[in-house]
Student: 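Before I ask anything, here is the structure I am working with.
The first residue in the sequence is number 1, and the count goes up from there.
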Amino acid sequence: YTPEAVVRFITRAVDDILVSDFALPSGLADATRITVDGTAKEEVHRVQIFDPAAGTGTFLAAVVQHIAPRVKADAAGRLKRYVEQDLIPRLHGVELLMASHAMCHLKLGIALKEIGYRPSTTAPRLCVSHANALDQKAGPDQTAGTAQILCVLGNPPYGVMSANLSEAHVALVAPFRCVDGTLIKEKGMLQVEKNINNDYVKFLALADQRIRAAGCGVLGFVTSHGYLKSMSLRGLRARLLETFHTIRILDLHGIGEVREVPPDGVADQSVFDIKQGVAIILAVREDRPLNGKGRVLFTELWWTRDIKSATLSTARVSDFSWTDCAAGAPNYIFHPSGAAFDAYS
């Protein structure tokens with residue numbers, strides 16, 4: 001379960017980034033196509049939307065609801081053509097649990113019906129697969145270097161005791177085992193291995209890989225915030241800085257495993273009903289070469305769950321004051337203090 005305010009904020013933020021960073025006035029509603037070079041010229045939609053841990057379809061349904069005002073402004077005939085030709089083919093989800101997968105289809109069907117869509121006899125099937133996205137076999141088709149804009153968003157699972165330990169799953173996080181080309185070797189390697197195999201870390205690796213293959217894109221995840229300063233995940237941070245031009249971190253705290261102390265007088269709570277502190281990452285890979293490393297901008301939100309939810313329900317990226325972390329070698333800390341945690345977290 002992902003709080004609605006968090007889902008709405010991430011969806012709104014990704015939409016705003018498409019408008020501001022990619023000059024696409026329609027944002028997530030964009031229906032433009034680009035030509036892919038291959039054995040034959042083929043047109044594909046430029047903006048693809050992918051939730052690799054779709055659950056019951058909360059994020060994908062939020063995309064439909066968010067762009068609804070732009071779509072409803074068109075005539076009914078145009079609405080049907082748009083949904084069937086320019087929306088459903090761009091919405092991609094993968095969910096491992098059968099019950100959640102079925103609910104995802106139902107929720108998306110309801111969301112489309114609520115915007116006034118009634119399917120034709122030739123309507124395409126929803127692109128939501130019953131699979132494990134980490135197996136690399138599901139999700140949008142991509143051709144390396146096509147300059148597709150892949151928007152990866154969602155709330156991937158967290159779990160130190162990961163069941164995703166196949167050779168392919170472990171290979172996903174291989175880029176996170178190095179910093180600037182040097183393999184990480186240090187005390188506590190068992191703890192390092194435990195953290196790097198956490199499921200949310202693997203989904204960050206999947207998003208990194210897919211957006212690189214697409215050519216450019218936007219990542220909008222809510223995950224554990226343990227990777228922001230943990231010594232055991234500096235390879236993850238270094239890799240993300242090699243992939244994305246700009247990374248924005250909104251730390252929602254919630255105390256969690258890093259044993260943070262909130263400012264005086266602040267009673268801090270997680271936006272989830274869990275003990276783990278969380279953060280939102282909004283990362284942008286532009287359609288241009290990245291020379292060196294990208295930059296990390298940081299902001300945070302303390303206080304009670306209700307206040308955090310109320311803020312996120314209406315906030316935009318531009319409403320926050322962002323601080324440049326000046327993340328540099330050897331640890332590339334995603335926090336303005338530059339301080340890493342000695343304990344693995």
Student: Distance from F272 atom CZ to L252 atom CG, nearest 0.5 Å?
Tutor: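 Interatomic distance, F272 CZ to L252 CG, rounded to 0.5 Å: 8.5 Å.
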Student: For V14 and F9, what are the C-alpha separation, side-chain angles and deciding distance, and is it a side-chain contact (heavy atoms from CB on, under 4.5 Å)?
Tutor: CA-CA 9 Å; V14 171; F9 174 78; over 6 Å; no
Student: State plainly whether the residues R46 and D30 are in salt-bridge range, i.e. N to O under 4.0 Å.
Tutor: no
Student: Is there a side-chain contact (heavy atoms from CB on, under 4.5 Å) between I247 and L241? Walk through the geometry before answering.
Tutor: CA-CA 8 Å; I247 299 172; L241 285 167; 4.1 Å; yes
Student: Strictly distance-based, threshold 3.5 Å: is any side-chain N or O of R118 a donor or acceptor partner for the main-chain N or O of K113?
Tutor: yes
Student: Could you check I249 against L297 for side-chain contact (heavy atoms from CB on, under 4.5 Å), going step by step and ending with a plain yes or no?
Tutor: CA-CA 6 Å; I249 299 293; L297 304 177; over 6 Å; no
Student: State plainly whether the residues D208 and R285 are in salt-bridge range, i.e. N to O under 4.0 Å.
Tutor: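 R285 and D208: not salt-bridged.
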Student: Do NZ/NE/NH1/NH2 and the carboxylate oxygens of R8 and E4 come within less than 4.0 Å?
Tutor: yes
Student: I'd like to know if V173 and L233 are part of one continuous hydrophobic network [Ile/Leu/Val/Met/Phe/Trp/Tyr, side-chain heavy atoms within less than 4.5 Å].
Tutor: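 Yes, L233 and V173 fall within the same hydrophobic cluster.
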Student: So with a 6.0 Å cut-off around CZ of R305, is the heavy-atom count from everything else above 12?
Tutor: yes
Student: Nearest 0.5 angstrom please: L219 CG to L150 CG, how far?
Tutor: 9.5 Å
Student: Strictly below 4.0 Å, N to O, side chains only: are K229 and D251 in salt-bridge contact?
Tutor: no
Student: Do H245 and R288 have side-chain heavy atoms sitting under 4.5 Å apart?
Tutor: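 Yes - at least one pair of side-chain heavy atoms lies under 4.5 Å apart.
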Student: Side chains of H130 and E95 only: does a donor on one sit below 3.5 Å from an acceptor on the other?
Tutor: no
Student: Could you check whether K107 and T58, counting side-chain N and O atoms only, form a donor-acceptor pair closer than 3.5 Å?
Tutor: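 There is such a pair (donor and acceptor under 3.5 Å, judged by atom type) between the side chains of T58 and K107.
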Student: Kindly determine whether H169 and D199 satisfy side-chain contact (heavy atoms from CB on, under 4.5 Å), including the steps that lead there.
Tutor: CA-CA 10 Å; H169 297 158; D199 279 335; over 6 Å; no
Student: Kindly compute the distance separating NE2 (H66) from CZ (F59), expressed to the nearest 0.5 Å.
Tutor: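 If we round to the nearest 0.5 Å, H66:NE2 and F59:CZ are 13.5 Å apart.
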Student: Between atom NZ of K293 and atom CZ of R239, what is the distance when rounded to the nearest 0.5 Å?
Tutor: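 So the NZ of K293 and the CZ of R239 are separated by 11.0 Å.
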Student: On a heavy-atom basis, which atom in P89 and which in Q48 lie closest, and how many Å separate them?
Tutor: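 Residues P89 and Q48, closest heavy atoms: O-OE1, 3.8 Å.
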Student: Would you check if L60 and V64 make a side-chain contact, meaning some heavy-atom pair closer than 4.5 Å?
Tutor: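 Not in contact.
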Student: Taking C-beta and beyond as the side chain, do L153 and V63 meet within less than 4.5 Å on heavy atoms?
Tutor: yes
Student: Could you report the tightest heavy-atom contact between Q209 and L172, atom names first, then the distance?
Tutor: NE2-CD2, 3.8 Å
Student: Looking at S232, is its backbone amide N or carbonyl O close enough to the side chain of S230 to form a donor-acceptor pair, meaning the two atoms are under 3.5 Å apart?
Tutor: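 Present.
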Student: Report yes if some heavy atom in the side chain of L250 is under 4.5 Å from a heavy atom in the side chain of L282; otherwise report no.
Tutor: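 Side chain of L250 against side chain of L282, heavy atoms only: no contact under 4.5 Å found.
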Student: Quick check against the 3.5 Å criterion: does Y82 have a side-chain atom that pairs as donor or acceptor with the backbone of A29?
Tutor: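 Here the side-chain-to-backbone pair exists.
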Student: Donor-acceptor pair, H335 side chain versus S337 backbone, under 3.5 Å?
Tutor: yes
Student: Which heavy atom of C104 sits nearest to which heavy atom of G57, and what is that distance?
Tutor: SG-CA, 3.5 Å
Student: What heavy-atom pair brings H253 and L301 nearest, and what distance separates the two atoms?
Tutor: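 What the structure gives for the nearest pair is CD2-O, 3.8 Å.
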Student: Look only at the side chain of E84 and the backbone of S120, and say whether a donor-acceptor pair between them is shorter than 3.5 Å.
Tutor: yes
Student: Which pairs of donor and acceptor atoms, one on a side chain in residues 321-329, lie under 3.5 Å apart (sequence neighbours left out)?
Tutor:
residue: W322; atom: NE1; partner: V317; partner atom: O; Å: 2.9
residue: W322; atom: NE1; partner: F320; partner atom: O; Å: 3.4
residue: D324; atom: OD1; partner: A326; partner atom: N; Å: 2.8

Student: Which atom names give the shortest non-hydrogen contact between V19 and P25, and what distance separates them?
Tutor: CG2-O, 3.9 Å
Student: Working to the nearest 0.5 angstrom, can you tell me the gap between I281 CD1 and F221 CZ?
Tutor: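 The CZ atom of F221 is 9.0 Å from CD1 of I281, to the nearest 0.5 Å.
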Student: Any chance you could pull the hydrophobic cluster mates of I110, using side-chain heavy atoms under 4.5 angstrom and chaining through other members?
Tutor: M103, L106
Student: Should the pair Y200 and Y158 be assigned to parallel (<30°), tilted (30 to 60°) or perpendicular (>60°) ring geometry?
Tutor: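 Correct class here is perpendicular.
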Student: Measuring only between side-chain heavy atoms, which start at C-beta, is I149 closer than 4.5 Å to L18?
Tutor: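 Contact flag for I149/L18 side chains = yes.
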Student: Out of curiosity, does V201 fall in the hydrophobic cluster containing L96 (side-chain heavy atoms, cut-off under 4.5 Å, transitive links)?
Tutor: no
Student: Hey, does V152 have a side-chain heavy atom less than 4.5 Å from the side chain of P52?
Tutor: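 P52 vs V152: side chains touch.
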Student: Is it true that D15 and R70 have a side-chain N and a carboxylate O under 4.0 angstrom from each other?
Tutor: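 So D15 pairs with R70 through a salt bridge.
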Student: For residues S313 and A5, report the shortest heavy-atom separation together with the two atoms involved.
Tutor: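 Minimum heavy-atom contact is N-CB, 4.0 Å.
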Student: At what distance, to the nearest 0.5 angstrom, does CZ of R237 lie from CE of M231?
Tutor: 8.0 Å
Student: Within the side chain of H225, is there an N or O that forms a donor-acceptor pair under 3.5 Å with the backbone of V222?
Tutor: no
Student: When you measure from the side chain of H101 to the backbone of V128, do you find a donor-acceptor pair of N or O atoms at a distance under 3.5 Å?
Tutor: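 Answer holds: yes.
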Student: Answer yes or no: is there a donor N or O on one side and an acceptor on the other, between the side chain of S100 and the main chain of L97, under 3.5 Å?
Tutor: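 Checking the backbone N and O of L97 against the side chain of S100, no donor-acceptor pair under 3.5 Å is found.
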Student: Taking the side chain as C-beta and beyond, is there a heavy-atom pair between I196 and R177 under 4.5 Å?
Tutor: yes
Student: Ignoring hydrogens and angles, tell me if any N or O in the side chain of N132 forms a donor-acceptor pair with the backbone of L134 under 3.5 Å.
Tutor: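 Here the side-chain-to-backbone pair exists.
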Student: If the threshold is 4.0 Å, N to carboxylate O, is there a salt bridge linking D86 and R90?
Tutor: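 Looking at D86 and R90, the cut-off is not met.
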Student: Are any of the side-chain heavy atoms of N155 and F203 separated by less than 4.5 Å?
Tutor: no
